[in-house]
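Whatever order the structure lists them in is the order used to number ligands and atoms, beginning at 1. Basis for what follows: all heavy atoms, side chains included, without hydrogens, waters or symmetry-related copies. Keep in mind it's a predicted model, so treat the numbers as computed, not measured.
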Amino acid sequence: MRLFAAILPPAPAIAELADEVAQLKELPGADRLRWTGPDGWHFTLAFFGEVPVEVLPELEERLARAAHRHPPYELRIADGGRFDDRVVWAGAEGDRETMRKLADSAEAGARRAGVPMADHRPYHPHLTLARNRTDLGLAPFAAGLSHFEGTPWTVGELALVRSHPPVAGVAGNQPRYESVATWPLGH
Ligand code: ATP
Ligand code: MG
């Protein structure tokens with residue numbers, strides 16, 4: 001199954017961002033983008049890809065430990081940007097240092113559980129809002145997000161999320177995400 005570890009923002013933080021995104025959708029060309037839905041919004045900590053079911057118990061054990069080793073921390077959704085002209089994302093402010101360490105631990109734990117992990121890349125927390133396969137420039141969308149500052153919350157858990165791939169041939173269909181397990185930070 002296709003799995004990743006993530007931080008799932010609470011409903012009020014999602015609602016604030018949804019209001020902001022509604023404004024972005026008024027910008028010229030917005031309807032050419034593939035927008036992600038608020039239901040699935042998340043900050044990926046580590047992406048595991050296809051994980052054999054036999055590996056799941058040990059992966060869960062390692063992620064529980066990774067969560068345990070880091071304290072709850074403050075986060076808010078804020079600012080935003082683009083990856084080239086392919087992705088529009090919202091950013092994160094707050095205790096990014098703890099977030100990065102938690103991401104590193106999740107990655108290291110998965111590797112120890114036997115999940116083949118891609119080369120380590122600098123962690124860049126982001127919440128994907130839209131994807132672009134056209135020649136539309138995304139600068140106005142990134143600029144539209146630059147003043148956004150959501151209300152902070154205390155991140156209290158790490159989630160293991162399953163990604164169900166979109167059904168082939170259905171235009172505009174998106175993966176469906178399912179939270180498999182969560183573990184409290186600290187404690
Ligand atoms: P789609 O692939 O259909 O565009 P998606 O990227 O949201 O949708 P997944 O590919 O299942 O769905 O990815 C789940 C999460 O993991 C997303 O946040 C995605 O950005 C992230 N992710 C996917 N592949 C990688 C990767 N190789 N490295 C880091 N993060 C990844
Ligand atoms: Mg993907």
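- Listed by number with element, the atoms of ligand 1 under 4.0 angstrom from any heavy atom of His42 are 15 (C), 17 (C), 18 (O).
- Of the protein's heavy atoms, none falls inside 4.0 Å of atom 2 (O) of ligand 1.
- Distances from ligand 1 to the non-hydrogen atoms of Arg34 include at least one value under 4.0 Å.
- Leu127 and Phe47 fall into different hydrophobic clusters, defined by Ile, Leu, Val, Met, Phe, Trp and Tyr side-chain heavy atoms under 4.5 Å apart, directly or through other members.
- Residues Ala66 and Leu102 share a closest heavy-atom pair of O-CD1, 3.8 Å.
- In plain terms, the two heavy atoms of Trp183 and Leu63 that are nearest each other are CZ3-CB, 3.7 Å.
- Annotation: atom 19 (C) of ligand 1 to nearest protein heavy atom, Thr44 OG1, 4.3 Å.
- Proximity of Gln174 to ligand 1, defined as any heavy-atom pair under 4.0 Å, is not found for any part of the residue.
- Taking atom 7 (O) of ligand 1 as the reference point, the nearest protein heavy-atom neighbour is Tyr177 OH, 2.2 Å.
- Under a 4.0 Å criterion applied to the non-hydrogen atoms of Arg2, ligand 1 contributes the atoms 9 (P), 10 (O), 11 (O).
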Candidate pair Asp79 and Phe148, rule side-chain contact (heavy atoms from CB on, under 4.5 Å), full reasoning: CA-CA 5 Å; Asp79 206 341; Phe148 179 70; over 6 Å; no
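- Nearest non-hydrogen protein atom to atom 6 (O) of ligand 1 is Arg131 NH2, 2.9 Å.
- Using a 4.0 Å cut-off between charged nitrogen and carboxylate oxygen, Arg2 and Glu50 do not count as a salt-bridge pair.
- Ring centers of Tyr177 and His164: at least 6.0 Å apart, outside the cut-off.
- Residue Thr128 places no N or O, backbone or side chain, under 3.5 Å from any N or O of ligand 1.
- Of the options Phe47, Tyr123, Trp89, the smallest heavy-atom separation from atom 26 (C) of ligand 1 is shown by Phe47.
- Of the candidates Pro165, Pro175, Ala118, the one placing a heavy atom closest to atom 8 (O) of ligand 1 is Pro175.
- In the model, Gln174 has no side-chain atom that pairs as donor or acceptor with a side-chain atom of Thr36 under 3.5 Å.
- Look at Arg133 and Asp85 and you find no salt bridge, because none of the NZ, NE, NH1 or NH2 atoms lies under 4.0 Å from a carboxylate O.
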